[in-house]
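Reading through the structure tokens given below for one structure.
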There are 2 protein chains.
Amino acid sequence: MDLNERKLKILQAIIHDFVTTAEPVGSRTLSKKYDLGVSPATIRNEMSDLEEMGYLTHPHTSAGRVPSQQAYRLYVNDLMNKYELPEEEKARIAEELYSNVRELDKTVEYAAKLLSNITNLTSFAMTPKQDQDVLRFINLLPVDERTIVLMIVSESGKVSNMALKLKNGYDEDSLALMSKNMTYTFKGKTISEALTLDIIDTVHSDVAAMNELRQSVMPSFMKTLEDMLNVNLYMDGLTNIFNIPEYNDIDRAKMFMELINKKEDFTKHLIQRDDGLLITIGTENNDESMADCSMITATYHVDGRLVGKLGVIGPTRMKYSEISSVIEFLTDNLSNAYQITGGDDDDD
Amino acid sequence: MDLNERKLKILQAIIHDFVTTAEPVGSRTLSKKYDLGVSPATIRNEMSDLEEMGYLTHPHTSAGRVPSQQAYRLYVNDLMNKYELPEEEKARIAEELYSNVRELDKTVEYAAKLLSNITNLTSFAMTPKQDQDVLRFINLLPVDERTIVLMIVSESGKVSNMALKLKNGYDEDSLALMSKNMTYTFKGKTISEALTLDIIDTVHSDVAAMNELRQSVMPSFMKTLEDMLNVNLYMDGLTNIFNIPEYNDIDRAKMFMELINKKEDFTKHLIQRDDGLLITIGTENNDESMADCSMITATYHVDGRLVGKLGVIGPTRMKYSEISSVIEFLTDNLSNAYQITGGDDDDD
DNA sequence: TGTTAGCACTCAATAAAAGAGAGTGCTAAC
DNA sequence: GTTAGCACTCTCTTTTATTGAGTGCTAACA
């Protein structure tokens with residue numbers, strides 16, 4: 001028994017119908033709605049074969065057929081024809097996105113909002129991993145007798161800082177020297193690289209005051225670098241799942257919410273995902289609580305180096321083709337937006 | 001007909017029972033569970049009176065009685081006896097909170113987490129309004145030919161900054177002079193005050209270069225000040241509502257989630273609330289979507305000046321007494337934690 | 001040999017009916 | 001003023017029928 005042309009056609013029709021209606025598809029419905037050229041009885045036979053091959057399942061004997069995870073995988077790999085967003089839709093999205101370009105974080109947040117509005121699913125967008133961001137400038141600033149501010153500026157324009165209270169005072173010359181030394185040492189290094197450098201030996205000095213200063217500053221410096229590595233995860237459309245028949249059950253809705261609300265776990269999961277457009281279906285997510293969800297994610301690039309991610313999560317029954325296009329379109333635009341304006345602004 | 005001793009006793013018993021069981025309370029149950037010294041029939045008569053007076057309602061004829069909003073208000077005002085947290089519980093909470101004191105934002109976030117864990121409700125905690133924070137230090141730093149960083153340090157130790165790309169270059173002397181002028185002008189002013197000062201006339205100079213610099217810097221300065229006013233709202237225990245019988249209905253759960261997810265609106269609502277321990281019940285929330293919710297909030301103080309808020313939201317049927325104590329205890333501890341360590345650290 | 005009409009059978013979903021149980025409200029007696 | 005007794009109400013649960021979508025099998029057909 002092999003997957004001949006007709007079987008594929010029927011399978012595709014079933015998937016299409018189920019994705020739109022969320023109801024198991026029967027042979028009669030299928031023959032009426034789709035021009036398959038054969039009778040319901042024939043379709044029934046083919047469906048029976050498809051079920052045996054693992055592409056369809058049966059909620060119960062007298063119900064129609066439902067595509068299996070295997071069917072969706074086949075569909076995504078081979079059957080799905082690339083969906084091209086209508087030009088006006090593209091224009092609308094781009095317009096909305098560009099007119100909201102301010103700070104990267106805000107734009108990323110807005111992209112997530114747009115995505116959930118368009119797809120009616122739960123969306124998420126992750127700010128870029130900053131590990132490849134390069135340090136440009138480090139400065140220690142006097143504020144008052146005991147207080148100094150450590151400031152780090154990166155090539156992407158991000159500024160991070162931390163106020164420090166010193167046990168003893170400091171003298172301004174040491175501070176300036178220390179700033180110079182640090183900039184000299186770390187400038188041009190990525191944040192990851194900077195973090196691997198041995199703290200003690202990075203900035204040499206024979207002056208006792210300098211040594212003391214160094215011991216106060218370096219731990220904060222390292223901590224600030226680590227903070228710079230943190231990514232933000234924005235989510236939107238969380239309540240969309242309540243409109244999806246699959247989640248009309250309070251327990252499933254709860255499970256979904258709990259999954260989504262563990263932001264840290266979810267972020268880790270996201271970071272580990274492969275880059276590019278990636279569709280994972282059901283158990284492919286390698287996570288029990290996502291066993292009946294699918295995720296579509298794609299990556300965007302800022303500055304040609306920093307990589308962020310964006311995508312949706314929803315029931316396995318989703319419009320893979322349309323949604324993939326939207327996501328790809330959004331990531332392309334996000335990348336472009338930040339190639340044009342560059343990292344020329346940022347905030348705290 | 002007046003609210004005599006016995007009526008109050010019965011009402012209190014009904015409230016207690018309903019709050020714990022979530023089931024309408026009948027006269028028989030009441031006489032069995034609580035030592036009221038009268039028969040169910042008498043209780044029935046009193047209940048009938050209480051209903052007439054507006055303290056009880058009837059889901060339907062053959063159901064028990066349910067406290068009305070008016071009853072909860074009476075309870076909260078007059079009947080509720082102050083609940084004292086057990087010492088061990090206090091110790092445990094304090095221990096958990098103090099051992100997690102790092103940055104203010106993190107601590108506030110953690111307080112929300114603790115609160116939802118203890119109460120099994122949805123909790124929220126707002127970082128302090130910074131409008132009374134006083135500016136301490138303003139600096140403009142050269143980064144490269146076209147880039148400078150504007151940095152603002154406040155008395156509470158918060159550092160904010162923004163990278164600026166200038167159309168034309170700048171000269172370092174102007175930069176230093178401008179920094180000095182700005183610090184001179186704004187130092188000691190609260191953020192609110194600084195925002196009301198006329199931008200153009202604040203920093204005078206006759207030098208043309210300075211004027212140009214000022215025109216580039218001032219808008220960013222104002223924007224950064226505005227950003228400093230933003231508060232963060234942390235929420236926790238969002239999925240707790242799924243365990244509450246009142247929200248076992250998918251539509252109500254959805255409404256609640258939508259309410260909670262409009263963070264900006266919710267924050268506004270919070271800011272407008274009175275300070276101190278405040279309990280609002282049902283329609284007292286002045287918000288249709290909260291008409292069957294109650295909120296308990298309290299304020300904490302950082303540095304004796306900055307005021308943040310923290311609280312819970314849940315069904316009107318909640319343990320007002322216990323929850324109020326927990327919230328008060330948390331706000332006290334939060335205030336204390338930041339009187340001791342002071343605002344000596346902060347981050348971006 | 002593949003296709004199709006026909007038909008019995010299955011099973012969820014809906015509706016209708018019956019029964020149980022909790023609780024009230026009224027009356028009359030204490 | 002308090003209470004026992006009892007009829008009545010109304011939800012909730014269980015049971016029973018009914019409907020209808022859909023399958024799977026068989027036998028006939030091209």
Side-chain angles (χ1 to χ4, degrees), chain A residues 1-11 13-15 17-18 20-68 245-246 248-249, chain B residues 1-11 13-15 17-18 20-68 71 245-246 248-250:
Chain A
M1 184 160 40
D2 78 324
L3 261 182
N4 58 29
E5 192 80 15
R6 193 169 68 186
K7 280 199 176 59
L8 285 177
K9 219 169 148 187
I10 291 175
L11 185 57
I14 293 175
I15 292 175
D17 207 71
F18 184 67
T20 21
T21 67
E23 296 291 333
V25 191
S27 54
R28 232 176 95 81
T29 323
L30 217 52
S31 85
K32 261 195 228 160
K33 273 200 193 168
Y34 301 84
D35 188 26
L36 296 166
V38 285
S39 76
T42 310
I43 295 176
R44 270 204 294 284
N45 289 332
E46 296 287 41
M47 280 168 125
S48 182
D49 288 355
L50 283 167
E51 179 160 2
E52 207 176 317
M53 294 163 86
Y55 292 105
L56 295 176
T57 49
H58 236 170
H60 55 86
T61 42
S62 68
R65 296 314 209 290
V66 168
S68 68
E246 273 88 340
N248 240 326
D249 169 53
Chain B
M1 186 159 38
D2 79 325
L3 260 182
N4 58 29
E5 193 80 15
R6 193 168 70 188
K7 279 196 177 61
L8 285 177
K9 218 169 149 188
I10 290 175
L11 185 56
I14 292 174
I15 292 175
D17 207 71
F18 184 67
T20 21
T21 66
E23 296 291 334
V25 191
S27 55
R28 231 175 95 81
T29 324
L30 216 53
S31 86
K32 260 195 231 162
K33 272 201 194 168
Y34 300 84
D35 188 26
L36 296 166
V38 285
S39 76
T42 310
I43 296 176
R44 269 204 294 283
N45 290 332
E46 296 287 41
M47 281 168 124
S48 183
D49 289 354
L50 284 168
E51 181 160 2
E52 207 177 314
M53 295 164 84
Y55 292 106
L56 295 177
T57 49
H58 235 173
H60 54 87
T61 43
S62 69
R65 296 314 209 289
V66 169
S68 68
E246 274 88 340
N248 239 327
D249 169 54
I250 201 98

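The basis for the numbers below is simple: all heavy atoms, side chains too, and nothing from hydrogens, waters or symmetry mates. In what follows, chains carry the letters A, B, and so on, assigned in the order in which the sequence lines appear, proteins first and then strands, with residues in each chain numbered from 1.
- Closest approach of B:Ile10 and B:Met47 over heavy atoms only: CG2-CG, 4.5 Å.
- Annotation: side chain of A:Ile14 is not in contact with side chain of A:Tyr55 (no heavy-atom distance under 4.5 Å).
- The heavy-atom pair separating B:Pro245 from B:Ala22 by the smallest distance is CG-CB, 4.0 Å.
- DNA chain C contains the following stems of three or more consecutive Watson-Crick or G-U pairs, with both distances under 3.5 Å: C:1-30 with D:1-30.
- Of the inter-residue distances, the one linking B:Glu46 atom CD with B:Leu56 atom CG reads 11.0 Å to the nearest 0.5 angstrom.
- Looking at residues 20-46 of chain A, you'll see A:Val38, A:Ser39, A:Ala41, A:Thr42, A:Arg44, A:Asn45 sit with a heavy atom under 4.0 Å from some atom of DNA chain C.
- If you check residues 48-64 of chain A against DNA chain C, the residues with a heavy atom closer than 4.0 Å are A:His60, A:Thr61, A:Ser62, listed by number.
- Residues B:Leu3 and B:Lys7 approach most closely at CD2-CB, 4.0 Å, considering heavy atoms.
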Show me, pair by pair, the donor-acceptor contacts under 3.5 angstrom made by side chains of residues 23-31 of chain B, not counting sequence neighbours?
residue: B:Ser27; atom: OG; partner: B:Arg44; partner atom: NH1; Å: 3.2
residue: B:Ser31; atom: OG; partner: B:Arg28; partner atom: O; Å: 3.2

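- How far CG of A:Leu11 is from OG of A:Ser68: 8.0 Å, rounded to the nearest 0.5 Å.
- If you take CG on A:Leu36 and CD1 on A:Ile43, they are separated by 5.0 Å, rounding to the nearest 0.5 Å.
- Between the OG atom of B:Ser48 and the CZ atom of B:Arg65 there is a distance of 6.0 Å, given to the nearest 0.5 Å.
- In the 5' to 3' direction, nucleotides of DNA chain C lying under 4.0 Å from heavy atoms of chain A begin and end at C:dT3 to C:dA12.
- A distance of 12.0 Å separates CG in B:Leu8 from CZ in B:Arg6, rounded to the nearest 0.5 Å.
- Residues satisfying the salt bridge (charged side-chain N to carboxylate O under 4.0 Å, His left out) criterion with B:Lys9, sequence neighbours excluded, are absent altogether.
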